[in-house]
Structures are given as structure tokens and as C-alpha cells.
Amino acid sequence: MAMRYKEWLMSIWKNGKLRCRQQILLIAIMLLLGVFMTGEFADYKAVEEKNINMMQEIVAYGELANKVNTAPCRAVQAEQVPQVMQDIVRKGKDYGLTVKAGNAPLYQDETASIYELNITGTWKRIAMFLENLQPKDALLGMRMLDLQGTDEKLNTVVQIKIYTK
């Protein structure tokens with residue numbers, strides 16, 4: 001049977017039957033297109049897998065960003081710093097203290113703003129205020145604390161570092 005097939009192919013080429021040559025050419029083109037399409041499909045699958053991985057990373061990043069943004073102590077936006085300072089001053093007044101804060105920061109860079117607070121009041125109230133200084137969701141640090149005076153009238157200078165994103 002294989003011999004008959006081989007003879008048939010040889011007769012097509014020798015006899016010059018145009019129709020059979022066109023069929024063979026069409027089969028060869030279809031085979032080449034099949035190989036090409038298989039390569040394209042593999043490339044498509046690789047791109048599709050890359051897109052799926054990127055989407056998974058974006059979703060994971062979004063979940064982490066939400067977790068950080070809802071954390072109780074976090075860096076705030078630079079635009080939120082004045083509001084944080086107002087919260088600190090208001091909290092001091094709630095404790096019955098006189099709190100004076102500068103309008104402009106002492107130092108400022110891309111990671112934090114440092115403000116100086118002048119606080120006047122009793123030792124007990126200042127201690128409670130400093131113990132509960134944390135406003136809402138801002139991440140704070142104390143750089144300097146200077147206490148002068150008596151238990152009944154204590155003048156305190158505090159440098160507060162408000163971390164920014």
C-alpha cells in the first residue's frame with residue numbers, strides 16, 4: 001500500500017498533473033499555517049498567563065494598601081498634616097492645657113514634618129496629654145521634650161514628628 005502511494009505521488013510529479021500539484025501545495029501551506037498558528041497560540045497563552053499574574057499582583061497590592069491605609073498608626077498625606085496639628089491642639093485644650101503650635105514646621109522633608117508645641121499646665125495634665133497624644137490615625141514621634149517649672153505650672157516644649165507619605 002505504501003508503494004502504491006509512493007508511485008501515485010511520483011506519477012503526479014512526473015505526469016505534471018496540475019490539479020494534484022495544487023492539492024499538495026495547499027496541504028503544505030496548511031501544514032505551515034498550522035505550525036505558525038501553534039506558535040502564535042503558545043505566545044497568546046504566555047501573554048494571557050502574564051496578564052493573569054499581573055492582575056493577581058494588582059489585587060494583592062490593593063489589599064495591602066487598604067490594610068495599611070486603615071491601620072491605626074500610619075503615615076498621612078502631606079495635605080493632612082495641618083489637620084493632625086489641629087487635632088493635637090484640640091486634644092491639649094480638652095485636657096485643660098494651653099497649647100501653642102507653630103503654623104509652619106521647624107523641619108520638613110519627604111518623610112516627615114516636625115512641629116514645636118509649647119504647652120502650659122499642671123504636671124498631671126501634661127503627663128496625661130503626652131501619654132495619650134496619638135491623634136486619630138497619624139504616625140507620630142517625639143523628638144524633644146523639655147519640662148520646666150513646678151508641678152502646678154509647668155512649661156513644656158515638645159517637638160512632634162508627623163510622618164508623611
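Model, not experiment: these values are computed from the prediction.
Legend: residues meeting side chain to side chain donor-acceptor pair (under 3.5 Å) with D109, ordered by chain and number and at least two apart, are T111. For the side-chain contact (heavy atoms from CB on, under 4.5 Å) test, residues two or more places apart in sequence or in another chain that qualify with N53 are E49, Q56.
Under a cut-off of 6.0 angstrom, the local environment of CG in N51 is crowded, with over 12 non-hydrogen atoms contributed by other residues, nucleotides or ligands. Other residues, nucleotides and ligands contribute at most 12 non-hydrogen atoms within 6.0 Å of the CE atom of M37.
Cluster membership check: L97 shares its hydrophobic cluster with V89, using side-chain heavy-atom separations under 4.5 Å among Ile, Leu, Val, Met, Phe, Trp and Tyr. The same ILVMFWY cluster, assembled from side-chain heavy atoms under 4.5 Å apart, contains both Y115 and L145. Follow the hydrophobic side-chain contacts under 4.5 Å out from L139 and you never reach V76; the two are in separate clusters. Residues L147 and V158 share a single hydrophobic cluster, defined by chaining ILVMFWY side chains whose heavy atoms lie under 4.5 Å apart.
In terms of heavy atoms, E110 sits closest to T164 at O-OG1, 3.5 Å.
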List the atom pairs, with distances to 0.1 Å, where a side-chain N or O of residues 118-126 and a protein N or O form a donor-acceptor pair under 3.5 Å, not counting sequence neighbours.
{"unit_1": "T120", "atom_1": "OG1", "unit_2": "N155", "atom_2": "OD1", "d": "3.3"}
{"unit_1": "T122", "atom_1": "OG1", "unit_2": "R125", "atom_2": "N", "d": "3.3"}
{"unit_1": "R125", "atom_1": "NH1", "unit_2": "Y95", "atom_2": "O", "d": "2.9"}

Only pairs under 3.5 Å count here: list side-chain donor-acceptor contacts from residues 41-48, not counting sequence neighbours, and write none if there are none.
none

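Counting heavy atoms from C-beta on, the side chains of M142 and I160 come closer than 4.5 Å.
Separating the CD1 atom in I114 from the OH atom in Y163 is a distance of 8.0 Å, to the nearest 0.5 Å. To the nearest 0.5 Å, the span separating CD1 on I52 from CE on M54 amounts to 11.5 Å.
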Practice task
Please lay out, stage by stage, how L117 and M85 fare under the test side chain to side chain contact (heavy atoms under 4.5 Å, CB included).
Solution key: CA-CA 10 Å; L117 298 174; M85 284 303 298; 3.5 Å; yes
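Evaluation of the salt bridge (charged side-chain N to carboxylate O under 4.0 Å, His left out) test over residues 82-92, restricted to residues two or more places apart or in two chains, returns D87-R90. Counting only residues at least two apart or in different chains, side-chain hydrogen bond (donor to acceptor under 3.5 Å, both in side chains) contacts with residues 141-151 comprise D146-Q148.
Only one option out of D94, T156, I88 pairs with F129 in a side-chain contact (heavy atoms from CB on, under 4.5 Å); it is I88.
Using modelled atom types, no side-chain atom of Q83 and backbone atom of Q80 make a donor-acceptor pair closer than 3.5 Å.
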